[in-house]
Amino acid sequence: MNMAAQQIAVVEAFEQDVLSGLSAAQKTLPCKYLYDEAGSRIFEQICDLDDYYLTRTEAQIFTEQLEDIAAKLGANVVLIEPGAGNCEKAEPLLQQMDKPSAYLPMDISPEILLAARERIEHKLPGLNVVPAVGDFTSAYIWQRLQNTSGRKVVFFPGSTIGNFTPVSALELLNLFGARLRPGDGLLLGADLVKDSIVLERAYHDSEHVTEAFNKNLLHRINRELDGSFNVDNFAHRAFYHSRRQRVEMHLVSLEEQSVDICGHTFRFDEGETIHTENSHKYTLSGLEALLNSAGFTPRQYWTDNKQHYAIFYAEIE
Ligand code: AVI
């Protein structure tokens, strides 16, 4: 498929997902659509917020435990990173690792991957960087690993696992595991269950950046699907659902209203919501159980002193 055909397929999938999501009894939009160019830029701002502890806590654990983590991964490893983006998290790890034999970042953006490859090859001369463009949740991108020899470790930081429901998180880890052999590993970053006030502040920040991130989805529908959302008629809501152990993000209709998208009309009652994201939080034992269910044996984990966040290393037996 050429670039233009690919772009058309992406817009068609977006249209289909939006039309079916907004036709459901609980209106919903898949959270992957939060990340267009504008959304990705806003997400970078979220990562710098005081209220959003996740990014800096994970970075702190990596900085403090880098030697130990790299030692645990072992020598001559092929490091695979699904959803690598600009590969900034892998770089210090690769620098610390003992003779990594290759780095395979996966991302949907070829431009970001190619720029990252140039940067990493410059900083780590001799390291084989092999980018794979595509969606890491599809089996096809993992087929490219079939010819890779040597021990592999999948690097999945950023608490991205939290944006999958427990059932789809298990499916994803099974997908990773299916491409690995006994002795291969997984280095996983995940956010932990904690005080709901801390959690809710992270997703309803005082600077309203997460609000802009959430509402950008409506702007995106207006831009790309000729939508008629009056974005000011919606409010950002984020709350911790303790039984489901997740922060839910919604957009709340502030009045009874109708919205047109691609020739379809959607009615909203006052107070009705569009569910835009789940961010699941785990206990340490919950993460261990998830890893075990997917065929991984946890070998070690590292946390911060408040136990807000955890990085797990696990291996296929
Ligand atoms: C990317 N992901 C781990 C973020 C999270 O915390 O669930 C996305 C996010 N949504 C709102 N703020 C950040």
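All residue numbers refer to positions in the sequence shown, counting from 1. First listed ligand is number 1; within each ligand, the first listed atom is number 1.
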[atom]: which protein heavy atom is closest, and how many Å away?
{"atom": "atom 4 (C) of ligand 1", "answer": "Y52 OH, 3.3 Å"}
{"atom": "atom 7 (O) of ligand 1", "answer": "S279 OG, 2.6 Å"}
{"atom": "atom 2 (N) of ligand 1", "answer": "N163 OD1, 2.8 Å"}
{"atom": "atom 10 (N) of ligand 1", "answer": "E277 OE1, 2.7 Å"}

Under 6.0 Å between ring centres, would you say that holds for F229 and H219? no

Determine whether the aromatic ring centres of residues F312 and F296 are separated by less than 6.0 angstrom. no

Only heavy atoms of S159, strictly under 4.0 Å: list the atoms of ligand 1 that pass. 3 (C)

Out of all atoms in ligand 1, which are within 4.0 Å of some heavy atom of F213? Include the element for each. 10 (N), 11 (C)

Would you call Y35 a ligand 1 contact, heavy-atom distance under 4.0 Å? yes

G158 heavy atom under 4.0 Å from ligand 1: yes

Can you find an N/O atom of Y203 closer than 3.5 Å to an N/O atom of ligand 1? yes

Does any N or O of ligand 1 fall below 3.5 Å from an N or O anywhere on T160, backbone included? no

Any chance CZ of R237 has more than 12 other-residue heavy atoms, nucleotides or ligands included, within less than 6.0 Å? no

Taking ring-ring contact (aromatic ring centres under 6.0 Å, His included) as the criterion, tell me which of H250, H275, H204 meets it with F239. H250

Please work out which of the three classes, parallel, tilted or perpendicular, describes the rings of F213 and Y35, given edges at 30° and 60°. perpendicular

What I want to find out is whether D36 reaches R223 closely enough, with some N-O distance under 4.0 Å, to be called a salt bridge. yes

Between the side chains of Y282 and D191, is a donor N or O closer than 3.5 angstrom to an acceptor N or O? no

Between E315 and Y313: side-chain donor-acceptor atoms closer than 3.5 Å: yes

Please state which part of V247 comes within less than 4.0 Å of ligand 1, counting heavy atoms only: side chain, backbone, both or neither. neither

